[in-house]
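Note sheet for the following structure.
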Amino acid sequence: MIQLLGVMPLWIMPMAAEAVDLAEELEEAEEAGFGFSSDILGSNLINIAIILGLLIYLGRNVIGEALAKRKAAIVAELEQAEQKKQTALEALADQQQKLAQAQQEAERIKQQAEANAEKLRAELIAQAERDIERMRANAEKDASTERERVIQELRRQIALRALAQVEAELPQRVSESIQGSLIEQGIQQLGGQR
């Protein structure tokens, strides 16, 4: 058994020592009347310890290879994640640059729209002022025309009333001798103008 322990790695030694201690305890327990076998090599615990030791000794290459493959896969995934991160950072920087350009363009469009609105407002105000002046001129012209028409109408009516009043009063105030002298004066004036 000591020769077998010399072949095993150092970390298996404590397990083997525990197995020996357990075998001694079993032997003592058998003497006390529990009925365990005193044959240490025939015991299942020793066999299990040996199998576990061999599995660990021989399996560490397999486990090492599996761990190495897993480590390589993790490293590859980390590198891939780093590449994706870098790509995402580049895309983010690109999108931020596009956003800044879009904001500048939006500001330029806003300023241009404000300038156009101010220009249009000034043009509308000027046009409205021209329209108001034209309407005032037309209103004054219409008022002047209407005033002249009203004055002409008033003159005509005054003249018609004056004539009607003269015609009504004339026969009462003018005698035949005055009428004859008026007619002669009118004839002389007409005759003298020729």
### Message
Could you walk me through whether Q97 and Q101 satisfy the side-chain contact (heavy atoms from CB on, under 4.5 Å) test, starting with their C-alpha distance in whole Å, then the side-chain angles of each, then the deciding distance to 0.1 Å, before giving a yes or no?
### Response
CA-CA 6 Å; Q97 182 181 9; Q101 289 174 349; 3.9 Å; yes
### Query
Distance from I158 atom CD1 to E153 atom CD, nearest 0.5 Å?
10.5 Å
### Query
So which pairs with a foot in residues 120-129 pass side-chain hydrogen bond (donor to acceptor under 3.5 Å, both in side chains), sequence neighbours left out?
E118-R121, Q127-R130, Q127-D131
### Atom pair OG1 (T87) and CG (L92), whose distance is rounded to the nearest 0.5 Å
12.5 Å
### Query
Which value, rounded to the nearest 0.5 Å, describes the distance between N138 atom CG and K141 atom NZ?
6.5 Å
### Task
Hey, could you give me the CG/CD1 distance between N116 and I109, rounded to the nearest 0.5 Å?
11.5 Å
#### Entry: Side chains of R108 and Q112, donor plus acceptor under 3.5 Å
yes
#### Entry: Partner set under side chain to side chain donor-acceptor pair (under 3.5 Å) for Q86, not counting sequence neighbours
none
### Message
Holding to side chain to side chain donor-acceptor pair (under 3.5 Å), I want the full list of residues that pass it with E107, two or more places apart in sequence or in another chain.
### Response
Q111
### Query
Just how far is it from atom CD of E146 to atom CD1 of I151, taken to the nearest 0.5 Å?
10.5 Å
## Note on the structure
Interatomic distance, CD@E82 vs CG@L89, rounded to 0.5 Å, equals 8.5 Å
### Query
Distance-only, no hydrogens or angles: does the S144 side chain make a donor-acceptor pair with backbone N or O of E140 under 3.5 Å?
no
